[in-house]
Every structure is written in C-alpha cells, then in structure tokens.
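Index from 1, following the sequence.
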Amino acid sequence: MTGTVPNRSVLTPVPQDTRHPDTGHPGTAHPDITPWSTDPYADALRNGHGPLFLRRTDGWLLPLDVERWCGGADAADLSALRRCEGPVLDIGCGPGRLVAELAARGHRALGIDVSETAVAHTLRTGGSALRRSVFDPLPGEGRWGTVLLIDGNIGIGGDPHGLLLRTAELLAPGGLLIAETVSPDIDERVRVRLYDGRRAPGGSAGPDRTGAGDGHFPWARIGTPALLRYARPNGWHPVDQWVADDRPFVALRRDRRVRTVSQSADTANSTAVISSQFPRKTSGDSPLAGS
C-alpha cells in the first residue's frame, strides 16, 4: 500500500460473532477492506479512469465507472441529492463528488471511505471525509438525517441485511436512506477481487481456482425488490423509487418508533454533535475537512 501506515484504531475490525463495540447491537463480521485501500483502486483514482473491475471467482467482470466517480455530480446523482434531509453521511464516498456537491449546496455532509487516496481526493474537491469503514465507530451515530449508499455500495460486506442494520444505527429515528440498486431483481452474494484488466488474477487467463485467495472479499448486488424484502421487516418504509439515466434508486425511511441501543432518547444536541466532527486540521483518526 502506498502512503502512510493506517492508524490501527481506525481500521480495527468488529470481531466476528460479537456486538458492535459502541452500541451493543448485533453486527455482521467486518469485511476485508484491504483491497480498497491499495492498488489497483488507488491507481485508478489517481488517474481518474479505469479500466477497473470487480472480478468474480468464475471470471465474470463487473466494470467500475471510475471516470464518472472522479467527475462532478451528474443528473442522476442530483436526483438523489435533492432528496437529502439534514446532515448527510455518504458511505463509501470514493473520490467525493457527492460530498463536494452537497457542501456546495449548503448541506452538512461527511464522506467515509477506507481508501486514503479517495479521502485525499475528496478533500481536494472541497468535501469533508473520514478514513473509516462503515463498521467502525463513527461520529454522530444515531443522529444523521440521511445516509447515502450510491454506486453499488449497498453491496459492501456482501450482506445487505447486516448493512441495513448498521445503517439504522447511524440514522436518527425517521432518518432517510437513499440507495442505488441494480436494474434486474437480483439478490446476489459473491466473492470478488479488484482487477485492472492487465492480467488475470494469479497469472491465470481463466477463472480463479478459489474464492479464498489473496485480495478476494465479499460483495453483493441487489435490486430494488430484494432490498425492499430485507427492509420492510426491520422498520424501514419505502418513500420513493425512481430511475435516472438507467440508474435505479430507492429511498427508505426509518420508523420513528424504532431505536437502536446506540440512540438515547435525547437528540436535542444532534446538530452540535455532528457539527463538531468537521475540524479544519486533518489526521488519520479524525474527520477531514477541506480548507
């Protein structure tokens, strides 16, 4: 990995079969975040373009639209951002186009990403970002007005149900989740690795022999109907569904009556708590704000 050695307190995973260290809420096993912290993802972000793919163990490739991620917010992005309410947390913010656009529109917005390169890019675009996984302790838990899972990030960890539980911990009661899904009614769990098209993983031209090799990590692809099947039994209510530039989105609202262990009954200081997470100085263990 290029750059500085990550602060271990930032990247320490939630142990398997345990509860979240802050909330006591049952959580999913922390996914392997290392591939997103290293090449070829970092190289693609630095270059502003791919090729970059998620490669399944059977050789199937999912292209990643790095060039769009490194550009400005497009019309489809804006269709989601216009629906944001209150302070916004962008999970897997990448190079930060959404965070920067929200900041330009006057929203309090924070991106989180495990990639040092992605966080640095976000700062350069005028956004604020923190280098952490969604499964790490985060600022303002239980107080965010909107959480974004865009660009396939509903697939983080390969467990949409677990990711919804974690998102519920982050949002205030009645908060909004805006997620981008995939077009067909897909509910797919796979193991993948990042692949830049230069050579087949492991030096082989064919399918990978195992999904347990270096660099593989769990991922999910999920359509809107499948997401709703996971959401409804867990206190989420669909409030909007739309398609923009062939990209499907869904907005889900948390039931105001549902509280996670992390959320106290007193939320009067919510804005102050979240606002305090935007200092001007930068460090590996603090939210990062542009100058």
Side-chain angles (χ1 to χ4, degrees), residues 65 68-69 71-113 122 125-129 134 138-156 160 163-183 185 221-232 234-258 263 267 270-271 274-275 277-278:
D65 198 351
R68 179 172 61 81
W69 299 350
D74 61 20
D77 296 328
L78 295 177
S79 74
L81 300 187
R82 283 193 293 267
R83 291 167 164 85
C84 289
E85 303 170 356
V88 181
L89 180 66
D90 183 10
I91 295 173
C93 67
R97 75 186 190 284
L98 303 183
V99 176
E101 180 64 29
L102 285 165
R105 289 169 171 257
H107 279 272
R108 272 306 219 193
L110 177 69
I112 60 168
D113 204 288
T122 301
T125 62
S128 299
V134 63
L138 295 173
E141 294 201 12
R143 299 176 176 88
W144 293 97
T146 303
V147 167
L148 298 176
L149 286 167
I150 308 297
D151 297 330
N153 286 325
I154 190 65
I156 290 174
L163 187 56
L164 284 173
L165 290 177
R166 178 60 178 138
T167 302
E169 294 177 336
L170 299 172
L171 279 169
L176 195 67
L177 167 62
I178 299 177
E180 182 177 353
T181 60
V182 295
S183 294
D185 185 12
R221 296 175 68 232
I222 185 169
T224 296
L227 178 58
L228 295 179
R229 288 195 295 270
Y230 288 116
R232 286 191 174 104
N234 290 286
W236 295 93
H237 303 286
V239 295
D240 205 356
Q241 299 177 48
W242 71 99
V243 177
D245 293 341
D246 296 322
R247 295 168 56 193
F249 297 87
V250 60
L252 302 170
R253 191 175 299 282
R254 284 201 59 220
D255 192 324
R256 291 183 180 276
R257 297 168 296 177
V258 176
Q263 295 165 339
T267 59
S270 299
T271 302
I274 293 174
S275 296
Q277 305 304 321
F278 295 85

task: Could you tell me which non-hydrogen atom of Gly96 sits nearest to which non-hydrogen atom of Thr125, and how far apart they are?
output: O-OG1, 3.9 Å
query: Tell me, do Arg108 and Ser128 make a side-chain contact under 4.5 Å, heavy atoms counted?
result: no
query: For Thr167, which residues count as a side chain to side chain donor-acceptor pair (under 3.5 Å) partner, sequence neighbours excluded?
result: none
- line: Separation between SG (Cys84) and CD1 (Ile178), nearest 0.5 Å, reads 4.0 Å
Gap separating the CG atom of Leu177 from the CZ atom of Arg253, nearest 0.5 angstrom: 11.0 Å
- request: Looking only at non-hydrogen atoms, find the nearest pair between Ser183 and Pro248 and report the distance.
  value: N-CG, 3.8 Å
With Val134, the side-chain contact (heavy atoms from CB on, under 4.5 Å) member among Asn153, Ile112, Leu149, Leu89: Ile112
query: Checking side-chain contact (heavy atoms from CB on, under 4.5 Å) for the pair Leu164/Leu227: CA distance, chi angles, key distance, verdict?
result: CA-CA 9 Å; Leu164 284 173; Leu227 178 58; 4.0 Å; yes
statement: Given the options Val99, Ile150, Leu110, Cys93 meets side-chain contact (heavy atoms from CB on, under 4.5 Å) only with Val99
Flag, side chain of Arg247 to backbone of Glu180, donor-acceptor distance under 3.5 Å: no
query: Taking only residues two or more places apart in sequence or in another chain, which ones pass side chain to side chain donor-acceptor pair (under 3.5 Å) with Arg83?
result: Asp240
task: Take Leu102 and Leu148 through the side-chain contact (heavy atoms from CB on, under 4.5 Å) test and state the conclusion after the steps.
output: CA-CA 12 Å; Leu102 285 165; Leu148 298 176; 4.2 Å; yes
- prompt: Below 4.5 Å, heavy atoms only, C-beta onward: do Leu171 and Trp236 meet side chain to side chain?
  reply: yes
task: With Arg97 as reference, evaluate Asp74, Asp90, Asp151 under the salt bridge (charged side-chain N to carboxylate O under 4.0 Å, His left out) test and give the passing residue.
output: Asp151
query: Between atom OG of Ser79 and atom CZ of Phe249, what is the distance when rounded to the nearest 0.5 Å?
result: 4.5 Å
- prompt: Can any side-chain N or O of Thr122 pair as donor or acceptor with the backbone N or O of Gly94 at less than 3.5 Å?
  reply: yes
statement: Here the pair of heavy atoms bringing Ala168 nearest to Arg254 is O-NH1, 3.2 Å
task: Show your reasoning for whether side-chain contact (heavy atoms from CB on, under 4.5 Å) applies to Arg166 and Leu138.
output: CA-CA 11 Å; Arg166 178 60 178 138; Leu138 295 173; 4.1 Å; yes
- request: Output the distance between atom CG (Asn234) and atom CG (Asp255), rounded to the nearest 0.5 Å.
  value: 11.5 Å
field: Which atom of Asp185 lies closest to which atom of Ala226, heavy atoms considered
entry: OD1-N, 3.5 Å
query: If you look at every heavy atom in Trp242 and Ala80, which pair is closest and at what distance?
result: CZ2-CA, 3.8 Å
field: Heavy-atom donor-acceptor pair, Trp144 side chain to Gly86 backbone, under 3.5 Å
entry: no
Partner of Leu228 under side-chain contact (heavy atoms from CB on, under 4.5 Å), chosen from Leu252, Thr181, Ile222: Leu252
- request: Determine, step by step, whether Arg105 and Leu78 satisfy the side-chain contact (heavy atoms from CB on, under 4.5 Å) criterion, reporting the C-alpha distance in whole Å, the side-chain angles of both residues, the deciding distance to 0.1 Å, and the verdict.
  value: CA-CA 11 Å; Arg105 289 169 171 257; Leu78 295 177; 3.4 Å; yes
